[in-house]
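All heavy atoms count here, side chains included; hydrogens, waters and symmetry mates do not. Each chain gets a letter, A, B and so on, in the order its sequence line appears, and its residues count up from 1.
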2 protein chains.
Amino acid sequence: MAFNTSGYLPHIAYDSVIFGFSGEKLKILLIEYHKTGWLALPGGFVKVDEPLDEAVKRGLRERTGLDQIFLEQFYTFGSLERVQPEIMKKILTAHDKDIADDHWLLDRFISVGYYALIDYDKVEPTPDALSDSINWYGVDEIPELLFDHNFIVKKALDHLRTHLDQKLLSVNLLPERFTMKELQQVYEAILGEKLNRANFQRKILSLGILERHEKLYSGGSHKAPYLYSLKKKV
Amino acid sequence: MAFNTSGYLPHIAYDSVIFGFSGEKLKILLIEYHKTGWLALPGGFVKVDEPLDEAVKRGLRERTGLDQIFLEQFYTFGSLERVQPEIMKKILTAHDKDIADDHWLLDRFISVGYYALIDYDKVEPTPDALSDSINWYGVDEIPELLFDHNFIVKKALDHLRTHLDQKLLSVNLLPERFTMKELQQVYEAILGEKLNRANFQRKILSLGILERHEKLYSGGSHKAPYLYSLKKKV
DNA sequence: TTACTATTGTTTCAAACAGAAACAATAAAC
DNA sequence: GTTTATTGTTTCTGTTTGAAACAATAGTAA
């Protein structure tokens, strides 16, 4: 075990699965590492005197520019298979860093998985020091990722699907005001199946947590849909 | 940050909420620390080359003597409020250990919460080196616990309640063969409310995952109930 | 102005489900 | 046999859900 003067807790990391909805598809953000072209989830480390949640928010702010976003922890990954110091070493050396064999980043890490739901259109994805680029990928066309990140994405999607309905989680993927059709599209993208329009509207409205606003005249030659927003808490 | 030759990962712990069902009430195991009388969840640490899940199983085996038990991770606790080195120091010194101020156990810990469901009657609770005793406490009469352990118990119960139905989780709290009444009592103890007998039977049987066996003649002067078990997977 | 079209909001109808109560079966005691 | 306590099943009713039809309406085009 290497001594570590980085200011970060050793052995502990987080990975975030950042979901956005593009208008038709559910997507997540992936970073591409310098030179190697390897893809992975955006993640980071926890400062020694920083709450875990706060560390994840910090990383998200740096990556997306967004604050106040929906963020939830879903699982902590602590297997041994996920430990691959050779990979980490290559990433670091590709970035022109000269790394000692006992550098703390080459140690074993246990990683806490978080997922975020954000308004796709409000984001300016920003790479960090180690990554060339950060881009959106549809959840049904995720390429091979480093470490156990494909597994992490799968777990995040599972979690999102089973908790979809609590308090209309999914509105976090839309702008403040949205139409019923947009909301249904988000549901369909997450669940990966078509839903019945009439029943969807009935079910969502029966939750009683949406507020109906003015109509949205889009210019189409048909009835204009209402805009909705989440009811403010009383 | 102190250097650590213990063979355990620093800064990472787990806490386990071990549920058992006594025939009427849902209970959990709590340890009492040497001399101080302080109560806490049984927990432990992860060896440097040990999978997280394995570490928790190991601890459970030592505490309960049981292997092959139902175990699930539910949340990871990483706030700063949970860091209380003074408390940890008192526990260790009460145990006649002379502890340096930079001992690794006094550092900040992030703790992964697991819960286990076990057959109450099969367990011989066993204290560890630091604890005097380990005993059952009804979930509605949990005393004040150390650190954030009351919060951890609450989160575990929440998680158990919302996931109760998946694959009849709760049968893990009963012996292999059980009556419908016993199963209903487990449900009632977990949910904290009475359920309708006829509807419960109908709902559970409609899941189609129980096998019906011979009747259980208890000696009571009334119709004998059937015994059930979980269907083996095909 | 008046059809016409595309889309959205609402209603209807039947099937499935859930909650409460009644009914039926039965093991042991008297 | 009769009685009693408990368990297994059915019936009745009201509610929810799924699929389809119906109604409303914003623009387009004759």
Worksheet item: For B:D121, what residues pass the salt bridge (charged side-chain N to carboxylate O under 4.0 Å, His left out) criterion, not counting sequence neighbours?
Response: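 With neighbours one apart ignored, the set is empty.
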Fill in: Residues that A:E188 engages under salt bridge (charged side-chain N to carboxylate O under 4.0 Å, His left out), provided they are two or more places apart
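With sequence neighbours excluded, A:E188 shows a salt bridge (charged side-chain N to carboxylate O under 4.0 Å, His left out) to A:K194, given in chain and number order.
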Practice prompt. Determine, for nucleotides 25-30 of chain D in 5'-to-3' order, which nucleotides have protein heavy atoms under 4.0 Å from the base (write B), from only the sugar-phosphate (write S), or from neither (write -).
Written response: BBBS--
Discussion item. Looking at every heavy atom in both A:L41 and A:L29, which two are closest together, and how far apart are they?
Written reply: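 Closest heavy-atom pair between A:L41 and A:L29: CD2-O, 4.3 Å.
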Interatomic distance, [X] [atom1] vs [N] [atom2] [rounded to whole Å]:
X	N	atom1	atom2	answer
B:K203	D:dT16	NZ	P	17 Å
B:L216	D:dT6	CG	C1'	12 Å
A:N196	D:dT16	CG	P	18 Å
A:Y226	D:dA24	OH	P	12 Å
B:R202	D:dT11	CZ	P	12 Å

Item to complete: To the nearest 0.5 angstrom, please state how far the CG atom of B:L174 sits from the CZ atom of B:F21.
Response: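 Here the rounded value is 7.0 Å.
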Worksheet item: Once you round to the nearest 0.5 Å, how far does CG of A:L52 lie from CD1 of A:I12?
Response: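 Between A:L52 CG and A:I12 CD1, I get 8.0 Å after rounding to 0.5 Å.
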Worksheet item: Can you list, by residue number, the residues of residues 177-194 of chain B that have a non-hydrogen atom closer than 4.0 angstrom to DNA chain C?
Response: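 Of all residues in residues 177-194 of chain B, none places a heavy atom under 4.0 Å from DNA chain C.
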Worksheet entry | chain A contact limits on DNA chain C, taken 5' to 3' with a cut-off of 4.0 angstrom to heavy atoms |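 Boundary nucleotides touching chain A, in 5' to 3' order, are C:dT5 to C:dT12.
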Fill in: With B:F45 via ring pair (Phe, Tyr, Trp, His ring centres under 6.0 Å) - residues at least two apart
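Result, ring pair (Phe, Tyr, Trp, His ring centres under 6.0 Å) vs B:F45: B:W104, B:F109.
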Fill in: Minimum side-chain heavy-atom gap A:E211-A:L230 below 4.5 Å
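Not in contact.
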Fill in: Within-4.5 Å side-chain heavy-atom neighbours: B:F19 and B:K27
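Contact flag for B:F19/B:K27 side chains = no.
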Fill in: Toward the 5' end of DNA chain D, by each residue's nearest nucleotide, B:N199 or B:P225
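Its nearest nucleotide being more 5', the pick is B:P225.
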Fill in: From B:I18, B:D53, B:L60, B:V17, residue fulfilling side chain to side chain contact (heavy atoms under 4.5 Å, CB included) relative to B:Y114
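By the side chain to side chain contact (heavy atoms under 4.5 Å, CB included) criterion, B:Y114 pairs with just one of B:I18, B:D53, B:L60, B:V17: B:D53.
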Worksheet item: B:D165 and B:Y187: side-chain donor and acceptor closer than 3.5 Å?
Response: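 B:Y187 and B:D165 do have a side-chain donor-acceptor pair below 3.5 Å.
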Item to complete: Decide whether a cation-pi geometry holds between A:R82 and A:F147; the criteria are a distance under 6.0 Å from NZ or CZ to the six-membered ring centre and an angle within 45° of the ring axis.
Response: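 Output no; distance or angle outside limits.
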